[in-house]
2 protein chains.
Amino acid sequence: MTPLFYKEQEKFYVSVDCLILGFKNDKLYLLISKRKFEPLKGQDSLMGGFVRAEESLSETVSRVVFEYTGIQDVFMEQVGAYGEIGRDTGERVVSLAYYALIDIQYFDEQLCKVHDARWQELDKVGDLIFDHNQILNDTIEILRNKAATKPLGFNLLPEKFTLPQLQSLYEAIYQTPLDKRNFRKKILEMDILEKQEDKDKSSSKRGAFYYKFNKEKYDLLLQKGYFFSL
Amino acid sequence: MTPLFYKEQEKFYVSVDCLILGFKNDKLYLLISKRKFEPLKGQDSLMGGFVRAEESLSETVSRVVFEYTGIQDVFMEQVGAYGEIGRDTGERVVSLAYYALIDIQYFDEQLCKVHDARWQELDKVGDLIFDHNQILNDTIEILRNKAATKPLGFNLLPEKFTLPQLQSLYEAIYQTPLDKRNFRKKILEMDILEKQEDKDKSSSKRGAFYYKFNKEKYDLLLQKGYFFSL
DNA sequence: TCAAAAGTGTTGTATGTACACCCATGG
DNA sequence: CCATGGGTGTACATACAACACTTTTGA
């Protein structure tokens, strides 16, 4: 069955490393865990898993994300492939990195104990194993570029969110303060948000109106050659 | 030596697929070849090769690019990983795609016969095997985005080039005509080109001055927070 | 009543875009 | 001497950046 030419080739372990990102308290957090096996057992690590024969790469990512968060159908994108010979000090492993953006309210806190995991502020992540810090840096760069031209951010927020929340999310992504009036003007002009009638009173006495992202409107605008930009 | 946990995992064939791009006659060309082995022997395909145990991924790419072009030290970047289960109809192969930008004057034409390869206009590439058309589309999108913010284009030109040449290159990348005066103003304002004293008279009687890209100047400007944009 | 966060417009500046003519030269 | 591609500047429109006060309401 397998053509001869293939049989002469080497085979490799293939894994995925997942950068699971969440947003709370106006800050971005990365889920990291203590590695469960040798080498470097007990060190901080991204969430990972080996690809199985019956899985596509994205299925592996979905499995890993579900295993560590309890959430399914999350937004994810590929960061890249990492294949230096000595990157994994155990064996040669080619790793495909993906980031996943989750709505942290659905995160199953129990799993932190199960996996010895924790949420770490994105800009305070310390040393990770192997090339995971490199992967993280690459991810942050990609995330910043993508967030400016694609409406990724909404994946990190609940279905209903306020404009101050949305603004602080983008401030966290870009690590820079944004002007409130300019931000609101720009996002509202895009006409992809729907104002709700109720308010979030959890962070002020006056309360801030909830909004919803309208994906249908956004997709329609896309077809008309419209480009998101924040 | 190999930790136990690894041994329980599956291994996979890992290959690289290279999108080798060149620029001539004011057009972008992709190098494609007839596949040399089954399945789909004889069909149009990207340049590819299996990763070897003693090679990093980028070493594999360098080897493949050299094998098919005779050129070393080319500019290359990763496009992504392609790992659907049935993407390669022979066996399961996880493929890492890279694009390489070459100065086509150094291309070894002999190799076309050796590998049954040819240069195909980028916007006239027909059906390729497996998911190679998908990979090509992804590459074009990445290339367009990168070319707008990084000085990639110079990798496709000789060391000395003219502004009309450079403009037609960017027109080929973006598939849109650019205004001559605006283009020249913008690129010259950046102060990363060095005007030479001699002219290229091959395409006009008057002749167009040669310019060189000054990488040192560019790197210096980068440190000062400068951003390339075309 | 007051502290704390939500909400609201205008103006100047910079950047991008559109546009037409003269120049140099080889044949 | 003329056809061909190379080279040049300005005016207008649009997008971006800076900036301060009023509103609401629970404690």
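In what follows, chains are A, B, ... by sequence order, proteins preceding strands, each numbered from 1. Just so it is clear, the structure is predicted and the values come from calculations on it, not from any experiment.
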**Item:** Exam field: side chain B/Arg35 to backbone B/Asp44, donor-acceptor pair closer than 3.5 Å
**Value:** no
**Item:** For atom CD of A/Gln167 and atom C1' of C/dA6, their distance in whole Å
**Value:** 11 Å
**NZ-CD distance between B/Lys180 and B/Gln167, expressed to the nearest 0.5 angstrom** = 8.0 Å
**Request:** Measure from CG on A/Asp26 to C1' on C/dA5 and round the result to the nearest Å.
**Result:** 12 Å
**Heavy-atom pair with the smallest gap, counting every atom of B/Leu221 and B/Met190** = CD1-O, 3.5 Å
What nitrogen or oxygen pairs link the protein and nucleotides 7-13 of chain C at under 3.5 Å?
residue	atom	partner	partner atom	Å
C/dG7	OP1	A/Phe209	N	3.0
C/dG7	OP2	A/Arg184	NH1	3.2
C/dG7	OP2	A/Arg184	NH2	3.1
C/dG7	O5'	A/Arg184	NH2	3.0
C/dG7	N7	A/Lys180	NZ	2.8
C/dG7	O6	A/Lys180	NZ	2.8
C/dT10	O4	A/Lys185	NZ	3.3

**Request:** Using the six-membered ring wherever Trp is involved, compare the ring planes of B/Tyr218 and B/Phe228 and label them parallel, tilted or perpendicular (cut-offs 30° and 60°).
**Result:** perpendicular
**Fill in**
Tightest non-hydrogen contact, residues B/Ser168 and B/Asp26, listed as OG-OD1, 3.0 Å
**Asked** Minimum heavy-atom separation for B/Ile135 to B/Val79, with atom names?
**Response** O-CG1, 4.5 Å
**Request:** Please report the shortest heavy-atom distance between B/Leu96 and B/Ala81, naming the atom on each side.
**Result:** CD1-CB, 3.5 Å
**Request:** Measure from CG on A/Asp200 to P on D/dT25 and round the result to the nearest Å.
**Result:** 14 Å
**Asked** Does the side chain of A/Lys201 get closer than 4.0 angstrom to OP1 or OP2 of D/dG26 through an N or O atom?
**Response** yes
**Asked** So, B/Ser95 versus B/Asp17: side-chain donor-acceptor pair below 3.5 Å or not?
**Response** yes
Listing time: all N or O pairs from protein to nucleotides 12-14 of chain D that are below 3.5 Å?
none

**Request:** Check whether more than 12 heavy atoms from other residues, nucleotides or ligands sit under 6.0 Å from atom CG of A/Asp198, and answer yes or no.
**Result:** yes
**Message:** If I take atom NZ in residue B/Lys186 and atom C1' in nucleotide D/dG7, what distance separates them, rounded to the nearest angstrom?
**Reply:** 20 Å
**Message:** If you count heavy atoms of other groups shown closer than 6.0 angstrom to CD of B/Glu159, is the number above 12?
**Reply:** no
**Item:** Whole angstrom value for the distance that separates P of D/dA3 from NZ of B/Lys205
**Value:** 10 Å
**Prompt:** For residues A/Gln134 and A/Asp138, is any side-chain donor paired with an opposing acceptor at under 3.5 Å?
**Reply:** yes
**Prompt:** Who passes ring-ring contact (aromatic ring centres under 6.0 Å, His included) against B/Phe75, sequence neighbours left out?
**Reply:** none
**Request:** Please identify each residue that fulfils side chain to side chain donor-acceptor pair (under 3.5 Å) with B/Lys215, with sequence neighbours left out.
**Result:** B/Asp219
**Message:** Using whole Å, what does the distance between atom P of nucleotide D/dA18 and atom CZ of A/Phe183 come to?
**Reply:** 16 Å
**Item:** B/Tyr29 six-ring face occupied by B/Lys24 cation (under 6.0 Å, within 45°)
**Value:** yes
**Asked** Between B/Asp198 (CG) and C/dA24 (C1'), how many Å, whole number?
**Response** 17 Å
**Asked** So what is the end-to-end bend of the helix from C/dT1-D/dA27 to C/dG27-D/dC1, with 5 pairs used at each end and the value given to 10 degrees?
**Response** 0°
**Message:** What is the distance, to the nearest angstrom, from the CG atom on A/Leu166 to the P atom on C/dA6?
**Reply:** 13 Å
**Request:** Kindly state which residues belonging to residues 223-230 of chain B come within less than 4.0 angstrom of DNA chain C, counting heavy atoms of the residue only, listed by number.
**Result:** none
